[in-house]
Undergrad: 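Below you will find the structure I want to go over with you.
Bear in mind that the values here come from a model prediction, so they are computed numbers and not experimental data.
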Amino acid sequence: MEPSRPGDKLRQAREAQGLTLQEVATRTRVAMRQLELLERNEFVALPGLPYAVGFARAYARAVGLDGEAMANEVRAELMGTDML
């Protein structure tokens, strides 16, 4: 079954490449704590919409996913939250 939420897709792509979260942090220069929040789909815990979208875009690119598509998915997840 395909993961449906952005964080699940990011984690699955990372694991499929055999990468640790630390390796993704090094590639993206995004803190481990932020990456962990992304993988748990806890976008509202990030500092704000631009950060959530930017971190997701960078993570996606680092694991071979479409960065813009992932950014759009995160924006869609945040629709209806107080972050927008």
Undergrad: So, do Q34 and P47 sit near enough that their side-chain heavy atoms are less than 4.5 Å apart?
TA: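 Yes, close enough: below the 4.5 Å cut-off.
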Undergrad: For the atom pair CD (E73) and CG (L10), what is the distance rounded to the nearest 0.5 Å?
TA: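 If we round to the nearest 0.5 Å, E73:CD and L10:CG are 8.5 Å apart.
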Undergrad: Salt-bridge test for R5 and E39: reply yes if a basic N is under 4.0 Å from a carboxylate O, no otherwise.
TA: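 Salt bridge flag = no for E39 with R5.
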Undergrad: Apply side-chain contact (heavy atoms from CB on, under 4.5 Å) to residues L38 and V30 and explain how you reach the verdict.
TA: CA-CA 11 Å; L38 286 173; V30 175; 5.5 Å; no
Undergrad: Do you know which two heavy atoms are closest between G7 and F43, and how far apart they sit?
TA: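 That closest heavy-atom pairing would be N-CZ, 4.1 Å.
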Undergrad: Walk me through it: do R14 and R11 pass the test side-chain contact (heavy atoms from CB on, under 4.5 Å)?
TA: CA-CA 5 Å; R14 174 181 62 78; R11 181 186 44 75; 3.8 Å; yes
Undergrad: Please test R57 against M70 for side-chain contact (heavy atoms from CB on, under 4.5 Å), starting from the C-alpha separation and ending with a verdict.
TA: CA-CA 6 Å; R57 181 184 294 119; M70 186 59 61; over 6 Å; no
Undergrad: Under a 3.5 Å threshold, yes or no: a donor from one side chain and an acceptor from the other, between Y59 and R27?
TA: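 No - no donor-acceptor pair under 3.5 Å links their side chains.
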Undergrad: How close do A60 and G67 get, counting heavy atoms only, and between which atoms?
TA: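 Between these two residues, the closest heavy atoms are CB-CA, 3.9 Å.
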Undergrad: In Å and rounded to the nearest 0.5 Å, what is the OG1 to CE distance from T26 to M32?
TA: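 Rounded to the nearest 0.5 Å, the OG1-CE separation comes out at 9.0 Å.
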Undergrad: What are the two closest non-hydrogen atoms of N72 and R75, and how far apart are they?
TA: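 That closest heavy-atom pairing would be OD1-NH1, 2.7 Å.
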Undergrad: Which pair of non-hydrogen atoms, one from V24 and one from A62, has the smallest distance, and what is that distance?
TA: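 What the structure gives for the nearest pair is CG1-CB, 4.5 Å.
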Undergrad: What distance do L49 atom CG and L78 atom CG have between them, rounded to the nearest 0.5 Å?
TA: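 Taking CG in L49 and CG in L78, the distance rounds to 6.0 Å.
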Undergrad: Measure the CD-CG distance between Q12 and L65 for me, rounded to the nearest 0.5 Å.
TA: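 With rounding to 0.5 Å, CD (Q12) is 9.5 Å from CG (L65).
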Undergrad: Can you tell me how far CG of L35 sits from CG of L21, rounded to the nearest 0.5 angstrom?
TA: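 It comes to 5.0 Å.
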Undergrad: What pair of heavy atoms forms the shortest contact from Q17 to G64, and how long is it?
TA: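 Closest pair (atom of Q17, atom of G64, distance): NE2-N, 4.0 Å.
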Undergrad: Write down the atom of A56, the atom of V74, and the distance for their closest heavy-atom approach.
TA: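 Residues A56 and V74, closest heavy atoms: CB-CG2, 3.5 Å.
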